[in-house]
Student: 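Can you keep this structure in mind? I'll have questions shortly.
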Amino acid sequence: MTFTKTSQKFGQWADSRANTVYGLGFSSEHHLTKFAEKFQEFKEAARLAKEKSQEKMELTSTPSQESAGGDLQSPLTPESINGTDDERTTPDVTPNSEPRAEPTQNALPFTHSSAINKHWEAELATLKGNNAKLTAALLESTANVKQWKQQLAAYQEEAERLHKRVSELECLSNQANAVQSHKTELNQKIQELETTLKKKEEEIERLKEEVEHAKELQDQKDSLSQKLQEVETHNKDMEGQLSDLEQRLEKSQNEQDAFRNNLKTLLEILDGKIFELTELRDNLAKLIECS
């Protein structure tokens, strides 16, 4: 038998006589190395035992051949030592043979046969023990192989589950990246909107100030319009009075020569008032045009 390492955790146990090869798997390289060392140790022990048995066979066969006087040229067998079944059951005894000489001639081969049988029985027991150990190791390895197959299947299922989980996490990561980018865009839009809102608020404040100023101008315009109306009314009244005076002057021109100087004075005053009203009207017109 031979045991060969094929990888870090697997080996082949080959039996050339039985034409069988067993594949053994181990949980670690240390267990594989330990098994290979033990296998080589048992194999070396079996080889040494075989060599020792061969040496003992040679040593035991040499004295038996010398004691037989060269008659036993073939290897010792149970048939050659004890005889065949026919020889044991029906021994051929001649009248001229000596019955007492027979036991002395067969005593030495029988002793060597017993020693050889004991030696082979010991060797057989040793080989059986080694075979039992190797069988136990093989059974243990077979059980370990089944257990490792189950563990491998469990690991494969766990690997598939983890692979699915990794795929799910990758999808979630992609979604998270998309959400993050969308969030960044929204933050940028929010900042832009906040900036625009601030600008709009500033513009609204400016427009409010302009509206208040426009209201003030409108109030001023209303007050000036009212004053202008009053002045125009007063001017109309003055014009009416002036017309009456002119009519009166025309009627009483001849009669009012004495009052001509007073009338001139009054006219100058009126001209001054008219001039002031004209300037006031021009100013109001300019204000209206400016607003």
Side-chain angles (χ1 to χ4, degrees), residues 152-291:
L152 180 61
Y155 292 153
Q156 288 177 349
E157 292 178 357
E158 184 68 18
E160 290 179 357
R161 187 181 66 80
L162 291 175
H163 183 68
K164 291 180 181 179
R165 182 60 178 168
V166 167
S167 300
E168 292 176 357
L169 291 176
E170 287 178 352
C171 294
L172 291 176
S173 177
N174 294 329
Q175 293 178 359
N177 292 329
V179 170
Q180 185 66 28
S181 62
H182 187 61
K183 182 179 179 182
T184 305
E185 293 177 358
L186 289 177
N187 289 330
Q188 292 178 354
K189 289 182 179 179
I190 289 171
Q191 290 178 357
E192 292 176 357
L193 291 174
E194 287 178 351
T195 305
T196 307
L197 182 62
K198 287 181 180 179
K199 291 180 180 180
K200 294 294 182 182
E201 288 178 352
E202 291 176 356
E203 187 175 357
I204 288 170
E205 292 294 332
R206 184 177 60 81
L207 290 173
K208 284 182 179 180
E209 292 177 357
E210 291 180 356
V211 167
E212 290 177 356
H213 184 65
K215 285 182 178 179
E216 292 177 357
L217 292 176
Q218 185 68 30
D219 293 336
Q220 291 178 1
K221 181 181 177 182
D222 293 337
S223 62
L224 290 174
S225 297
Q226 186 176 1
K227 288 180 180 180
L228 181 60
Q229 288 178 359
E230 291 177 356
V231 170
E232 287 178 350
T233 304
H234 184 67
N235 191 11
K236 287 179 179 181
D237 293 337
M238 293 297 290
E239 287 179 353
Q241 292 177 5
L242 182 60
S243 297
D244 292 336
L245 288 172
E246 286 179 352
Q247 289 176 1
R248 288 176 183 180
L249 284 172
E250 290 176 354
K251 291 178 180 180
S252 61
Q253 186 174 3
N254 295 323
E255 295 177 357
Q256 293 178 356
D257 292 333
F259 298 98
R260 196 176 293 276
N261 293 326
N262 293 328
L263 184 59
K264 289 182 179 178
T265 304
L266 181 61
L267 289 173
E268 290 177 356
I269 293 169
L270 289 174
D271 289 333
K273 292 293 183 180
I274 291 169
F275 181 75
E276 288 178 359
L277 289 173
T278 303
E279 288 182 349
L280 180 62
R281 185 175 180 178
D282 293 333
N283 290 328
L284 290 173
K286 289 179 180 180
L287 287 174
I288 290 170
E289 290 177 357
C290 291
S291 62

Student: In Å and rounded to the nearest 0.5 Å, what is the CG to NZ distance from L266 to K273?
Tutor: 11.5 Å

Student: Taking the side chain as every heavy atom from C-beta outward, state whether L270 and M238 have any atom pair closer than 4.5 Å.
Tutor: yes

Student: Would K198 and E201 pass as an ion pair if we require N to O under 4.0 Å?
Tutor: no

Student: Hey, mind stepping through K236 and E239 against salt bridge (charged side-chain N to carboxylate O under 4.0 Å, His left out) and telling me if it holds?
Tutor: CA-CA 5 Å; K236 287 179 179 181; E239 287 179 353; over 6 Å; no

Student: Rounded to the nearest 0.5 Å, how far apart are OG1 of T233 and CG of L228?
Tutor: 9.0 Å

Student: Quick check for you: to the nearest 0.5 Å, what is the distance between R281 atom CZ and N283 atom CG?
Tutor: 12.5 Å

Student: What's the separation between atom CG in L224 and atom CD in Q218, rounded to the nearest 0.5 Å?
Tutor: 11.0 Å

Student: Check this for me: does any side-chain nitrogen of one of E210 and R206 sit under 4.0 Å from a carboxylate oxygen of the other?
Tutor: yes

Student: Would you give the length of the straight line joining atom CD of E168 to atom CZ of R161, rounded to the nearest 0.5 angstrom?
Tutor: 10.0 Å

Student: Please tabulate, for side-chain N and O atoms in residues 172-190, each donor-acceptor pair with protein atoms closer than 3.5 Å (sequence neighbours left out).
Tutor:
| from | atom 1 | to | atom 2 | distance (Å) |
| --- | --- | --- | --- | --- |
| N174 | ND2 | E170 | O | 3.1 |
| N177 | ND2 | S173 | O | 3.1 |
| S181 | OG | N177 | O | 3.3 |
| S181 | OG | A178 | O | 2.6 |
| T184 | OG1 | Q180 | O | 2.8 |
| N187 | ND2 | K183 | O | 3.2 |

Student: When rounded to the nearest 0.5 angstrom, what is the spacing between CD in E202 and CG in L197?
Tutor: 10.0 Å

